[in-house]
Every structure is written in structure tokens, then in C-alpha cells.
Amino acid sequence: MKRYLGYVGVLIMASTAAAGDWTQFRGPNGAGLSNEKDLPTKWSATEGLRWKAELPGRGLSTPVVANGRVYVTSCSGFQQTRLHVLCFDAATGKKLWERQFAATGSTSCHPKTNMAAPTPAADGERVYALFATCDLVCLDRDGNLQWYRSLNRDYPTVSNQVGMAASPVLWKDRLIVALENAGESFVAGIDTKTGKNAWKVERTRGINWVTPVVTTDGKRAEVLIQSPAELTAYDPLDGKKRWAYEGKGLSTIPSPVAADGLIFVPGDDLTAIVPGTETAAPKVKWTSAKLKLATASPLLYQGKLFTLNSVGVLSCADPADGKILWTERLKGPFSASPVAGDGKIYCVNEEGTTFVVQPGQEKGTVLESNALGETVLGSPAISGGAIFLRSDQHLFCVGEKK
């Protein structure tokens, strides 16, 4: 465990965000990990719920939790042109406010996805919601509009007829937004106070859905941007390029994760690399064709590396060499990334069934399979001793009632 903590990805949030908050896609450090204890193991659509709230339309975005409030996005209306940001009390499920916006960009997408695919980010004072229409909204915790940008109007050639999905992530006063598509492609560090670009770096054109990851080795932070041919590290403050790993067949959906002095890069093969610097190129430590990923990002937990493929094979491997230690077959298909906490891994399939797996040294034990009976494509969130799940119809808070 000590080695595992050596190079963990960390996002530095505003001081108002509490330690147990889940402030962005895959949590505050982008790794899908929670330090929460006494997390629920068994529930259903009618039992084991702290609360359940109705949502106005479709969404793949993960709920985020900051300073006692839960934020989630949805889309509705003809051709998904109405965009929603909703806020709920984390303890009671009471809807505190809802704001609606008209889409300014294209709503064309694959039937499986929708305009509320990117996960918002929150810092306890504000919430930043990006939609697949390239509309970007900043609201304070009471729902007051702070600033708004139509990135599609700022950059008219931005185009992804399949659907945008990369989520924004926070680092200090920078909101990192990656828009890689068939048109103008870039990653930008946006000033959270003004909504203006602090920096903007051009990227190779091509459809890509990978969410950025901000990491730190305890000395300095780097934002990792993965595309089909390259993983690039930038300075999150000014966008300066630090180093790049060039590969073939890198994934366009799962995000990389960093731990134990390594970065684990999804692709046709899963590759573990030693990060580079301005003067030293990154080095490949190992590759594995057996640890393939479809849409779910890899997970590093309790000193082990876990991957979940689309059909439901959960693999446990040694992160030092990629050797598979055990596999467990779950009922798929899966789109959501697994998350972990309290000694358990939570894997949610597309039918809304959450498999609670207790990882061991030689095998994984499925403790429970919990069906909600509604389609779930977004990853779970963990905060306040509860698990948050969203379907197109409802936001579920799983846990003991307070």
C-alpha cells in the first residue's frame, strides 16, 4: 500500500470541498477511489435507498457531490436541445434548484449517448457543467449563473456527429476542457473565475472521448491528455508541453490512471509507462494484450490493478508486471467504469445491476448483485457513506437513511 501511494493522481480543489466529496468524473483524483467506510452492500429499486429523485431527461454523466450538495446534468426536449443542471441536498434528496439552457451546438449523436454525457465538476462553491453540444456553464452552489460559453460558437468547426463525452476536470483555478473531434481540436485551461481561456493548445483532429487526468508526484502537477496515437503531459497552469508517449492503438474512451510511479495507458494493449520529464522520454515497463478495456477506465486499488471489459470480465493483475492474478466473470454488458471503497469494488452493468466484488489475493468474491431495473451507463459516485447512481429517469442515493 505504501508503494501504491507513491504516485497517486490528485486534483487540488477549493478549500470548501470536503474530504469525502466526489467532485468530478471518477472522484476528486480521477482514479475511482473513495476512503469512505461502511459503504452499502445490498439494495434494490425499493430497498436500501436513502432517497430517490426524478430526473427530467436522459444523461450519462456521473453525479458529483460537493459541500453537501449533489449536482447532475440531463437533457430533454425535441432532439435533446434542452439542457438541465440540477442540484439536490445530499442528505435528503430534496431538489434545491434546477437551471435550464438551450443548446447552441449540434445535438447529433449515436443513439446510445446523449447531450448530457460529460460529467460536471464542482469545488464546493461552484459547479461547471459541459454538455455534448459544447455549451459550458458555471453556476454557484445556489444556482446563480456566473458565466457561460458556447464553445461551438467560439470555435465553429468543432464537430462530432457521434457525440462529445470527455468531462472537464479542475485543478486550482483552471478548468481543463478537452475537445478532440473532426473539426478544430484542442485542450484548454479555462479560468474558473472568468470563463476565459488561460491557455489553449491545439490537438490532432480526430474523434476522442477520453477525460483528462491531473496527476502529481508530490512536487508538481501534470494534466494527461490521451489520444489514439499519443499520451501527452502538460503543465495545467500554462499548458506547456512536458513530455509525450507515442503509441499505436491507444484508447479513445477510457482514461489512464497513475500510481506506484507508473501511468497505466489503455489501448489495444494495456501499457504501463514510467512518466517522462522535459529532458527524459517516458519508458515502457510492460504491456499486456490480456488486459483489454472497452469503455471502462482501469482501477488501482489495494495495490492491485483491475480492468473490466464490455462483456463483464473483471481481471485483477499485479501492477508491477501486468501478470493476471485472477478473473471473475460478471453479467454484462458494461459501459460504466468501476469504483472502489471500503474494501469493495462496485461494477454497474447497463441494465442497472451493481455487482459488489470483494477482491482477494487469489480470487474475487461477488458479495451481492443489486438490480435497479433501469438502464445505467454512467459511473457511480461515492460520498457521505452512500453510493450515487443515475439512470435516464432517476437519481438514486444508496445508503442508510439519515
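Residue numbers count from 1 along this sequence. Below, each value reflects all heavy atoms present in this structure, side chains not excepted, and no hydrogens, waters or symmetry copies. Computed from a predicted model, the values in this text were never measured in an experiment.
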*List the steps, then state whether ring-ring contact (aromatic ring centres under 6.0 Å, His included) holds for Phe186 with Tyr155.*
CA-CA 10 Å; Phe186 60 89; Tyr155 310 103; 4.7 Å; yes
*Give the intermediate values and the outcome of side chain to side chain donor-acceptor pair (under 3.5 Å) for residues Thr104 and Asp135.*
CA-CA 7 Å; Thr104 64; Asp135 291 285; 2.6 Å; yes
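Two residues are said to be in side-chain contact when any heavy atoms from C-beta on lie closer than 4.5 Å; Val274 and Leu262 meet this criterion. Using a 4.5 Å heavy-atom cutoff, the side chains of Leu372 and Leu389 are in contact. Two residues are said to be in side-chain contact when any heavy atoms from C-beta on lie closer than 4.5 Å; Phe396 and Arg50 fail this criterion. When side chains are defined from C-beta on, Arg26 counts as touching Leu299, because their heavy atoms get closer than 4.5 Å. In this structure, the side chains of Ile273 and Lys283 stay at 4.5 Å or more apart for every pair of heavy atoms.
In summary, Asp318 and Lys304 do not engage in a salt bridge, as defined by a charged side-chain N under 4.0 Å from a carboxylate O. With salt bridges taken as basic N to acidic carboxylate O contacts below 4.0 Å, one links Lys344 and Asp342. The pair Glu184-Lys200 meets the salt-bridge criterion, since a charged nitrogen lies less than 4.0 angstrom from a carboxylate oxygen. Salt-bridge check for Asp392 with Arg58: passed, with a basic side-chain N closer than 4.0 Å to an acidic carboxylate O. For Asp89 and Arg69, the salt-bridge test fails: no basic side-chain N is under 4.0 Å from an acidic carboxylate O. Using a cutoff of 4.0 Å between basic side-chain nitrogens and carboxylate oxygens, Glu278 and Arg220 are scored as salt-bridged.
Residues Glu180 and Ser185 bring no donor and acceptor atom of their side chains to less than 3.5 Å of each other. Under 3.5 Å, the side chains of Gln358 and Thr365 contain no donor-acceptor pair of N or O atoms. A side-chain donor-acceptor contact under 3.5 Å links Arg149 and Asn197. A side-chain donor-acceptor contact under 3.5 Å links Thr232 and Glu230. Between the side chains of Ser61 and Thr73, at least one donor N or O sits under 3.5 Å from an acceptor N or O. Of the N and O atoms on the side chains of His394 and Glu54, not one donor lies less than 3.5 Å from an acceptor on the other residue.
To the nearest 0.5 angstrom, Leu49 atom CG is 8.5 Å from Cys397 atom SG. To the nearest 0.5 Å, the span separating CZ on Phe131 from SG on Cys75 amounts to 8.0 Å. The CG atom of Asp191 lies 6.0 Å from the CZ atom of Arg174; values are rounded to the nearest 0.5 Å. Here OH of Tyr128 is found 11.5 Å from OG1 of Thr23. Values are rounded to the nearest 0.5 Å. Here the CG-CG distance, from Asn67 to Asp123, works out to 9.5 Å after rounding to the nearest 0.5 Å. Distance check: Arg203 CZ to Ile225 CD1 gives 6.0 Å after rounding to the nearest 0.5 Å.
Tyr346 has its ring centre no less than 6.0 Å from the ring centre of Phe355.
Panel note: side chain Trp243, backbone Gly276; a donor-acceptor pair is recorded below 3.5 Å. At least one donor-acceptor pair under 3.5 Å links the side chain of Asn208 to the backbone N or O of Gln226. Looking at Lys331, its side chain never comes within 3.5 Å of a backbone N or O of Gly312 through a donor-acceptor pair. Remark: the backbone N or O of Thr41 is paired with a side-chain donor or acceptor of Asn370 at under 3.5 angstrom. Judged purely by atom type and a 3.5 angstrom limit, Asn160 uses its side chain to pair as donor or acceptor with the backbone of Val162. Judged by distance alone, with hydrogens and angles left aside, the side-chain atoms of Ser255 form a donor-acceptor pair with the main-chain N or O of Thr211 at under 3.5 Å.
Residues Ala258 and Thr215 approach most closely at CB-CG2, 3.8 Å, considering heavy atoms. Contact record, Asn181 with Ser159: OD1-N, 2.8 Å, taken as the closest heavy-atom pair.
At most 12 heavy atoms of other shown residues, nucleotides or ligands fall within 6.0 angstrom of atom CD in Glu246. The neighbour count for Gln161 CD, taken as heavy atoms of other residues, nucleotides or ligands under 6.0 Å away, is above 12. Counting heavy-atom neighbours within 6.0 Å of Arg242 CZ, excluding the residue itself, gives a total above 12.
The side-chain contact (heavy atoms from CB on, under 4.5 Å) test with Thr354 is passed by exactly one of Val376, Asn349, Val348: Val348. Applying the side-chain contact (heavy atoms from CB on, under 4.5 Å) test between Val265 and each of Leu224, Val257, Leu231 identifies Leu231 as the sole match.
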